[in-house]
Amino acid sequence: MKSLTVLSPAKVNLSLHVTGRYPNGYHELLTVFHRISLLDKIRLTRTKTGVSLRTNWPGLPTDERNLITKAYRMIQERFPDLGGVHVDLHKKIPVGAGLGGGSSNAAFFLLAMNRLYKLGLSRRQLVLLGKRLGADVPFFLYDTNRAIGEGRGDKIQPRPLKRSWNFVLVIDSKGLSTKEVFEKYRLEPPSDSLTKPKRTARMLCTFLDRGNPSALIPLLHNDLEKPAFSLRQEIRKKIQKLHKAGFSCVRMSGSGPTIFILLPMSDSLESAVRRVKKLLPSARVEGVKTF
Ligand code: C5P
């Protein structure tokens with residue numbers, strides 16, 4: 001096999017509770033990850049040595065700062081005779097959006113390298129590498145469209161979902177830094193004990209399985225909204241506007257600024273996208289599904 005193309009999906013966090021802080025500054029989370037059909041395409045081609053990266057996304061670093069390059073270096077540490085790779089990264093997932101795009105790219109690059117070079121790395125070994133690249137990377141290494149994440153968000157319990165939900169994404173043209181949003185969170189007291197977020201996450205999964213949207217409203221939650229709103233007030237304003245227009249399941253994903261609307265099964269995705277575009281004409285609006 002000389003080359004390999006993989007699709008790298010985005011995620012939304014249907015719930016995200018901050019449950020504590022580690023001495024190294026990282027936050028302890030309890031979150032429900034859900035994969036969606038906003039897809040980047042990654043094409044890997046074998047070369048003699050080293051790694052090179054090309055992307056359609058303006059301003060995205062393609063040097064040693066890129067998570068794909070970092071992932072290559074990690075594999076190379078383990079396999080010093082590793083051959084080279086050229087990567088074409090066609091991005092649709094915005095950068096710094098709270099949709100896990102960079103983490104997904106790194107995870108799917110690791111999975112693809114494992115196949116391209118028949119490295120024989122087990123899921124456990126891949127997850128150990130993934131954790132070093134970022135807290136959201138392990139979720140994408142599991143073959144599941146949904147999971148509960150604990151620890152830094154990197155301890156994954158797969159909870160595959162059999163039905164498909166529709167989402168509308170409201171994407172800001174300017175990203176937010178995850179680090180900055182978490183730093184703002186430090187000003188707030190921890191929101192909950194661990195029991196409540198765990199129960200919330202499990203109930204959320206159950207109601208999603210049953211297809212019951214009204215029961216979901218109080219369970220969708222994101223502790224990072226407040227700190228993100230303090231950095232960018234427009235997120236709150238957009239959410240309020242969507243609520244006023246009658247959308248009930250509306251939340252920010254991850255550290256933002258992307259907002260998602262979870263649609264009742266009976267609603268048409270196309271008409272919801274049209275309505276949201278009218279309400280928020282300056283935003284990029286995308287209709288997506290469980291992936
Ligand atoms: O793991 P990742 O590199 O994606 O995280 C980016 C930043 O977000 C970290 O440097 C840290 O400041 C913050 N973070 C955190 N707690 C988490 C995940 C991320 O404080 N569970």
Side-chain angles (χ1 to χ4, degrees), residues 8-35 38 40 57 60-61 63-74 89 91 93-110 126-142 147-157 172 174-194 197-198 200-201 221-232 235 251-258:
S8 167
K11 57 83 182 162
V12 287
N13 301 81
L14 295 181
S15 71
L16 191 161
H17 292 260
V18 179
T19 52
R21 247 188 88 195
Y22 294 108
N24 64 2
Y26 262 88
H27 293 75
E28 189 186 11
L29 308 179
L30 209 132
T31 185
V32 176
F33 290 112
H34 192 106
R35 277 191 204 179
L38 185 66
D40 288 347
W57 198 267
L60 184 71
D63 55 15
E64 300 295 325
R65 288 169 294 172
N66 193 291
L67 276 187
I68 288 182
T69 312
K70 288 184 181 165
Y72 177 83
R73 298 287 174 227
M74 264 183 198
L89 172 62
K91 284 198 74 64
I93 310 171
V95 175
L99 295 172
S103 304
S104 173
N105 295 166
F108 280 87
F109 173 76
L110 285 175
L126 289 165
V127 167
L128 286 174
L129 291 178
K131 277 183 186 198
R132 285 169 55 201
L133 289 165
D136 283 348
V137 178
F139 165 61
F140 292 105
L141 291 167
Y142 287 85
I148 295 178
E150 290 187 74
R152 293 185 316 153
D154 55 1
K155 263 170 63 188
I156 298 298
Q157 287 170 50
D172 209 317
K174 244 179 33 221
L176 266 180
S177 147
T178 304
K179 195 169 187 297
E180 273 180 44
V181 174
F182 272 108
E183 273 165 10
K184 279 277 172 199
Y185 183 82
R186 282 179 201 171
L187 305 171
E188 324 263 336
S191 70
D192 282 302
S193 73
L194 201 56
K198 270 193 175 164
T200 305
H221 177 87
N222 188 345
D223 274 336
L224 296 180
E225 280 181 357
K226 242 180 164 175
F229 294 170
S230 75
L231 291 166
R232 192 161 311 160
I235 310 171
R251 286 253 87 100
M252 189 183 82
S253 176
S255 55
T258 303

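Order of appearance sets the numbers: ligands from 1, and atoms from 1 within every ligand. FYI, side chains are in, hydrogens and waters are out, and symmetry mates aren't considered; it's all heavy atoms of this structure.
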Q: When you measure from atom 12 (O) of ligand 1 to every protein heavy atom, which one gives the shortest distance, and what is it?
A: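 The protein heavy atom lying closest is K179 CG, 3.6 Å.
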Q: Please walk me through it: do E183 and K179 pass salt bridge (Lys or Arg N to Asp or Glu O under 4.0 Å)?
A: CA-CA 6 Å; E183 273 165 10; K179 195 169 187 297; 3.1 Å; yes
Q: How far is atom 4 (O) of ligand 1 from its nearest protein heavy atom, and which residue and atom name does that atom have?
A: A135 N, 4.0 Å
Q: Pull out every atom of ligand 1 sitting under 4.0 Å from any heavy atom of G134, numbered as shown with elements.
A: 1 (O)
Q: Hey, does the side chain of K11 reach the backbone of G101 with a donor-acceptor pair shorter than 3.5 angstrom?
A: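 Not a single qualifying donor-acceptor pair exists.
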Q: List every atom of ligand 1 that sits less than 4.0 Å from any heavy atom of L29, numbering the atoms from 1 in the order shown and giving each element.
A: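 Within the 4.0 Å cut-off of L29, ligand 1 contributes 21 (N).
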Q: Does ligand 1 have an atom under 4.0 Å from some heavy atom of G25?
A: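 G25 counts as a contact of ligand 1 under the 4.0 Å cut-off.
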Q: What do you reckon, does H27 have a nitrogen or oxygen under 3.5 Å from a nitrogen or oxygen of ligand 1?
A: yes
Q: Using only atom types and a distance under 3.5 Å, with no angle test, would you say the side chain of D223 pairs donor to acceptor with the backbone of H17?
A: no
Q: Verify, without hydrogens or angle tests, whether T19 (side chain) and E28 (backbone) share a donor-acceptor contact under 3.5 angstrom.
A: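 Between the backbone of E28 and the side chain of T19 there is a qualifying donor-acceptor contact (under 3.5 Å).
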Q: What is the closest protein heavy atom to atom 6 (C) of ligand 1, and at what distance does it sit?
A: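 Closest protein heavy atom to atom 6 (C) of ligand 1: T178 CG2, 4.1 Å.
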Q: May I ask which of Y185, Y26, Y22 has a heavy atom nearer to atom 15 (C) of ligand 1 than the others do?
A: Y26
Q: May I ask you to decide if R251's main-chain N or O and E225's side chain share a donor-acceptor pair within less than 3.5 Å?
A: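 Such a contact is absent between E225 side chain and R251 backbone.
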Q: What is the ring orientation for F139 with F33, classed by angle as parallel under 30°, tilted 30 to 60°, or perpendicular over 60°?
A: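 Because their plane-to-plane angle is under 30°, the rings of F139 and F33 count as parallel.
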Q: I want to know if ligand 1 touches F182 in the polar sense, i.e. an N/O pair below 3.5 angstrom.
A: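 There is no such contact.
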Q: Measure the CG-NZ distance between L29 and K155 for me, rounded to the nearest 0.5 Å.
A: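 These two atoms lie 11.5 Å from each other.
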